[in-house]
Amino acid sequence: MQDKDGWSGRFAEPVAELVKRYTASVGFDHKLALFDIQGSLAHAQMLAACNIIAAQDLDDIKRGLAQIENEIIAGEFAWSPDFEDVHLNIEKRLTALVGDAGKRLHTGRSRNDQVATDVRLYLRHAIDDLLGLIKLLQIALLDLAEPHTNTIMPGYTHLQVAQPISFAHHLMAYFEMLKRDAERLRDCRKRVNRLPLGSAALAGTSYPVKREMAAELLGFDGVCENSLDAVSDRDFAIEFTACAALIMTHLSRFSEELILWMNPRFGFIGIADRFCTGSSIMPQKKNPDVPELVRGKTGRVNGHLVALLTLMKGQPLAYNKDNQEDKEPLFDTVETLTQTLRIYADMIAGIKVNPEAMRSAALQGYATATDLADYLVKKGLPFRDAHEAVAQAVRFAEKRSCELSGISIAELQQFSKLIVEDVYQVLSLEGSLASRNHIGGTAPNQVEAAIARARNGLS
Ligand code: ARG
């Protein structure tokens with residue numbers, strides 16, 4: 001008698017309902033359906049080419065899978081938890097449609113190498129999409145930065161005013177982070193893009209398969225070299241999630257800054273209304289919900305990384321059912337990151353900049369104190385003495401409630417006789433920026449060049 005689920009032939013009693021529900025994954029792994037079909041087609045083509053199944057079987061399988069694909073895309077496919085997972089659901093339907101050929105599809109294959117293949121196909125596709133989205137965000141950053149190489153804001157350390165910088169320079173820091181994020185994803189893709197099929201349950205298969213053929217049909221760079229490793233390890237998914245967690249972490253930092261900058265105490269930027277919400281009780285409120293949620297969702301993606309690492313850590317070789325738990329964290333990571341990048345690019349494009357607020361903040365925090373110290377050093381004072389002289393000048397200015405540039409020459413000379421008229425050039429914000437004139441520095445011409453290099457690198 002043919003068993004209903006494809007594997008219970010030797011069982012003396014049916015699986016308990018509760019267990020069926022507990023072990024079924026079709027509720028979430030149906031997301032892999034189109035990749036499962038893609039993998040099955042390549043497997044069947046390989047089987048036919050190696051004379052393991054007949055040409056007629058291949059034709060029937062192709063016809064059946066094409067119909068199933070249409071049903072899935074049209075939302076008409078009836079997923080059933082009775083058939084546990086996406087693989088068995090599709091195979092059952094195929095057999096119903098084309099008969100014995102459907103039952104032959106699983107020759108030389110196990111769900112263990114099948115699911116590993118599906119997840120890799122899914123992830124490769126996701127990575128390619130994500131790389132496109134990162135690029136869109138990078139372009140949005142460049143577009144925002146370009147007109148602001150001469151817009152001066154305070155640069156912070158410890159969130160205290162440190163030195164004046166150009167707003168474009170600040171934005172380009174995030175461009176660099178995203179550039180590394182994309183590099184990491186491209187590198188991760190190389191390890192994702194290897195074919196498990198042919199490994200079967202764990203030891204390989206006794207059929208005369210041509211794994212390289214299936215690999216080529218599926219666009220993989222090659223086959224996984226060890227069958228045990230191929231069916232069991234999910235390091236590629238963990239690695240991807242680590243890349244995703246870093247991207248989210250970068251965007252979380254950026255979000256924190258956007259939230260600060262749009263606070264009226266800063267007033268550096270405005271975020272377009274369509275990215276904010278109001279309060280149901282406080283009519284004056286405009287809340288930066290999107291950046292706040294990005295910050296919050298970073299916790300969720302970091303959690304998925306820990307979940308996947310923990311999932312793997314105690315598993316003996318080879319495949320264990322634990323691995324079924326890889327999917328939800330992985331899918332949610334991809335979805336969260338995809339939505340976040342998409343919304344972010346749009347939000348950055350809608351930012352309104354307030355250069356006056358940035359400038360007046362930069363003027364308030366003695367941001368050019370280091371420039372004054374460097375000025376004294378260039379006139380021969382040892383740096384530590386210069387540091388002390390400027391510290392006293394800052395204390396003096398604080399008492400007076402003025403800026404360093406508001407102190408007269410005669411008064412400045414109390415702190416060092418080396419100070420003369422030309423000091424006001426270095427005390428100016430523009431002078432401070434222009435003096436950091438080297439690659440990676442905040443001088444406007446350097447930032448302009450950095451933006452140009454960045455644009456070239458993207459095309
Ligand atoms: N649904 C399973 C998973 O996601 C497919 C592989 C099942 N293999 C097995 N030997 N039970 O991992």
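In listed order, ligands and their atoms are each counted from 1.
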Please indicate whether any nitrogen or oxygen in [X] is less than 3.5 Å from any nitrogen or oxygen in ligand 1.
X	value
Y319	yes
K327	yes
R234	no
H87	no

I'd like to know if [X] and [Y] make a salt bridge, using a cut-off of under 4.0 Å between side-chain N and carboxylate O.
X	Y	result
R211	E225	no
R189	D128	yes
D326	R234	yes

query = Which ligand 1 atoms does D85 reach within 4.0 Å, using its non-hydrogen atoms?
reply = 1 (N), 2 (C), 5 (C)
ask   = What atoms in ligand 1 come closer than 4.0 Å to a heavy atom of S25?
value = 1 (N)
Which protein heavy atom lies closest to [atom], and at what distance to 0.1 Å?
atom	value
atom 2 (C) of ligand 1	Q324 OE1, 3.3 Å
atom 10 (N) of ligand 1	N112 OD1, 3.1 Å
atom 11 (N) of ligand 1	R111 NH2, 3.6 Å

query = Of the options K321, K327, R111, which is the one that meets D85 in a salt bridge (Lys or Arg N to Asp or Glu O under 4.0 Å)?
reply = R111
request  = To the nearest 0.5 Å, tell me how far Q114 CD sits from I90 CD1.
outcome  = 8.0 Å
ask   = How far does CD of E146 sit from CE of M172, to the nearest 0.5 angstrom?
value = 9.5 Å
key: Q284 atom CD: more than 12 heavy-atom contacts under 6.0 Å   = yes
ask   = Touching ligand 1 at all, E84? Heavy atoms, strictly under 4.0 Å?
value = no
